[in-house]
Amino acid sequence: MEPCDNQAEASYTFGDRSSSDIVVRLRNEEGRDDWIYCHSKILSEKSQYFADRLSDKWPTCKILDSRYCVEVICQESDYDHHINLLRLLYLVSDDVHEDNLCHNVKSALGILSVAKELSCPQIVTACVNYLEAVPWEEGEEEEILRTVPRIGSEAEPILARLQPVDQSAVTEIFVSAFRFATSSPPLPLGDIKSSAQEQIEYMITEDDDAPLLIADEEVKLEVKECVKSLFGRFFQCLEETSFKPVESEVINKKGSFRMVLSDLSWAFQILTKMEVVRDFFITWVDISEKLVKVVEHLETTVAETVEIRVKVIEVTAKVIEAIGYGTVILPTAKRLEMVKLWLPFVRNTKPLVDSPVTEDEGNGTVRYKIDGEIWQALESSFVSIILALPSADQAEILTEWLGKNGLYPDLTEAFEVWCYRSKVAKRRLGLLGGEEDENGIS
């Protein structure tokens, strides 16, 4: 069929029955049946599908009321998109911008699918350009992932923002984020810093997907340097807090101490996941005496005291556990020192954490809690450390514990083992010294 050329294209109007020479009969299985009056010149020029259907070679082209009729069957969900596409064929041109053709992501996706099906390259390009440029909501992103791969290579630009990036780019952004996450930015940037810390943890965590970053030695070295700098600031806070500051400096010093302590607690979790936590353990052991002294003498509200102690114990529990189970090997004197420092600290902190704490700053009641598993882990770790100490040191620690009426942590297991070992010590060590047992075997 030859398109009508006796009218200028600009005079064609979508749906104008008086000037149309073709009917597009749009139907679906639910019974909808619409006759849409169109113009063969527009449809043939802008859709290869209609060009084929209107050609002399197509055997099923019918005459209806002196008009050619093209029947199109579609799904109910695509029905409106077919009508919109036919309307757009009258609008699309090199002078019309994509934002005049598409109005939202859902509509653009629907029209894109129909345009691909009906071979309308200009409409496909317009939809692709629109979808590539506009922001998506989460639900729209999922729909795009379901729809776009079926379109073909011409729609690939849409998915550019979802493509995996080169590992070197991942490494660069991780290192930059870690530097920022362990820095001391101005308070207005606190939320951005918290977000950086959350995303770093997400990047290295294995969930339904593999970790985004598997740290190599270079990345681990950079991370350790950042944590070293963080400890440097912590040392400075400890020194400053050890002295009595003037009244105007009190709030700033307490705030800095809490912030750096919180950062150290976060950094410890990251180092654990990256399996580079040993240096952190050793440093924490070295500063323990100073840290305990500072925390116990801080002049803070009850709520602030509990918050700081909770942060300290969350980290200390892991350090004590590593010592108790031989993950970190320390000399006897250091192990004894850690027990004598942290056992009373933990004992005094637990009643505070277990009690309601009121934050008198208009925020109502705030509860700072420690997971019950942490308390249990601390108890088990202390028992392990104590039982690895010389028996005389064990006796000193257990005497002090019994003098406190057996308060937390429960050292009953250590007490029972000490009693047994002490009672049979001469006999057992006598055998080692060469004395004969009751059977005469030396």
Side-chain angles (χ1 to χ4, degrees), residues 3 9-17 19-20 22-54 69-163:
E9 182 176 337
S11 66
Y12 293 137
T13 303
F14 174 71
D16 182 13
R17 181 170 181 171
S19 62
S20 74
I22 180 175
V23 171
V24 176
R25 187 179 183 185
L26 190 61
R27 300 171 58 195
N28 66 16
E29 295 179 354
E30 283 72 27
R32 289 184 68 175
D33 187 350
D34 288 318
W35 292 16
I36 304 170
Y37 293 94
C38 300
H39 302 82
S40 57
K41 177 177 175 58
I42 297 293
L43 270 57
S44 297
E45 286 183 354
K46 298 177 181 178
S47 166
Q48 188 59 47
Y49 171 84
F50 285 112
D52 292 341
R53 291 293 300 269
L54 296 172
C69 177
V70 176
E71 187 174 80
V72 178
I73 308 296
C74 68
Q75 300 291 326
E76 173 64 26
S77 58
D78 292 331
Y79 204 92
D80 290 339
H81 297 315
H82 278 76
I83 295 176
N84 286 333
L85 178 128
L86 291 172
R87 183 180 293 110
L88 288 177
L89 292 178
Y90 284 75
L91 298 176
V92 67
S93 69
D94 294 337
D95 299 327
V96 177
H97 298 291
E98 290 80 4
D99 50 359
N100 293 323
L101 301 177
C102 304
H103 302 291
N104 57 67
V105 171
K106 182 179 179 181
S107 174
L109 276 174
I111 293 171
L112 175 61
S113 297
V114 176
K116 176 66 176 179
E117 178 186 342
L118 301 184
S119 301
C120 308
Q122 285 181 293
I123 301 293
V124 168
T125 299
C127 290
V128 168
N129 291 343
Y130 176 84
L131 291 169
E132 189 275 333
V134 299
W136 310 332
E137 305 234 348
E138 184 176 351
E140 294 171 340
E141 190 167 306
E142 296 302 318
E143 185 62 30
I144 285 170
L145 285 170
R146 287 191 291 269
T147 303
V148 170
R150 301 197 301 264
I151 304 301
S153 59
E154 60 264 54
E156 287 180 358
I158 298 174
L159 301 179
R161 69 184 75 175
L162 304 179
Q163 297 297 327

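Bear in mind that the values here come from a model prediction, so they are computed numbers and not experimental data.
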What residues, two or more places apart in sequence or in another chain, satisfy side-chain contact (heavy atoms from CB on, under 4.5 Å) together with [X]?
{"X": "A115", "value": "L85, C120, I123, V124"}
{"X": "P121", "value": "none"}
{"X": "D52", "value": "Q48"}
{"X": "E30", "value": "N28, E76"}

To check you understand the geometry: which heavy-atom pair defines the closest contact between [X] and [Y], and what is its length?
{"X": "L26", "Y": "C74", "result": "CD1-SG, 3.8 Å"}
{"X": "C127", "Y": "A108", "result": "SG-O, 3.7 Å"}
{"X": "A51", "Y": "S44", "result": "CB-O, 3.6 Å"}
{"X": "L118", "Y": "Y49", "result": "O-CB, 3.1 Å"}
{"X": "R25", "Y": "C69", "result": "CB-SG, 4.0 Å"}
{"X": "H103", "Y": "Y130", "result": "C-OH, 3.3 Å"}

So, [X] side chain and [Y] main chain: donor-acceptor pair closer than 3.5 Å or not?
{"X": "S47", "Y": "F50", "result": "yes"}
{"X": "W136", "Y": "L131", "result": "yes"}
{"X": "D78", "Y": "H81", "result": "no"}
{"X": "Y90", "Y": "G15", "result": "no"}

How long is the span from the [atom1] atom in [X] to the [atom2] atom in [Y], to the nearest 0.5 Å?
{"X": "I22", "Y": "K41", "atom1": "CD1", "atom2": "NZ", "result": "14.0 Å"}
{"X": "F14", "Y": "L89", "atom1": "CZ", "atom2": "CG", "result": "9.0 Å"}
{"X": "H39", "Y": "S19", "atom1": "NE2", "atom2": "OG", "result": "3.0 Å"}
{"X": "T13", "Y": "I42", "atom1": "OG1", "atom2": "CD1", "result": "9.5 Å"}
{"X": "I83", "Y": "L88", "atom1": "CD1", "atom2": "CG", "result": "12.0 Å"}

Check your understanding: salt bridge (charged side-chain N to carboxylate O under 4.0 Å, His left out): which pairs involve residues 118-140, sequence neighbours left out?
Key -> none
Check your understanding: What do the steps show when you test E154 against K116 for side chain to side chain contact (heavy atoms under 4.5 Å, CB included), and what is the final call?
Key -> CA-CA 10 Å; E154 60 264 54; K116 176 66 176 179; 2.8 Å; yes
According to salt bridge (Lys or Arg N to Asp or Glu O under 4.0 Å), who are the partners of [X], at least two apart in sequence or on a separate chain?
{"X": "E141", "value": "none"}
{"X": "R27", "value": "E71"}
{"X": "E117", "value": "none"}

Practice item. Flag the pair V24 / L43 as yes when at least one side-chain heavy-atom distance between them is below 4.5 Å, and no otherwise. Key: yes
Review point. Are the side chains of V148 and V128 in touch, meaning some heavy atoms are under 4.5 Å apart?
Key: no
Review point. Would you say Q163 has more than 12 foreign heavy atoms packed within less than 6.0 Å of its CD?
Key: yes
**Study point:** Stepwise side chain to side chain contact (heavy atoms under 4.5 Å, CB included) test for V134 and N104
**Key:** CA-CA 9 Å; V134 299; N104 57 67; over 6 Å; no
Practice item. Take I151 and I158 through the side chain to side chain contact (heavy atoms under 4.5 Å, CB included) test and state the conclusion after the steps. Key: CA-CA 11 Å; I151 304 301; I158 298 174; over 6 Å; no
**Study point:** Qualifying residues under side-chain hydrogen bond (donor to acceptor under 3.5 Å, both in side chains), relative to R146, sequence neighbours excluded
**Key:** E143
**Study point:** With Y79 via ring pair (Phe, Tyr, Trp, His ring centres under 6.0 Å) - residues at least two apart
**Key:** none
Practice item. Let me see the working for T147 and L112 under side chain to side chain contact (heavy atoms under 4.5 Å, CB included), right down to the final yes or no. Key: CA-CA 9 Å; T147 303; L112 175 61; 5.5 Å; no
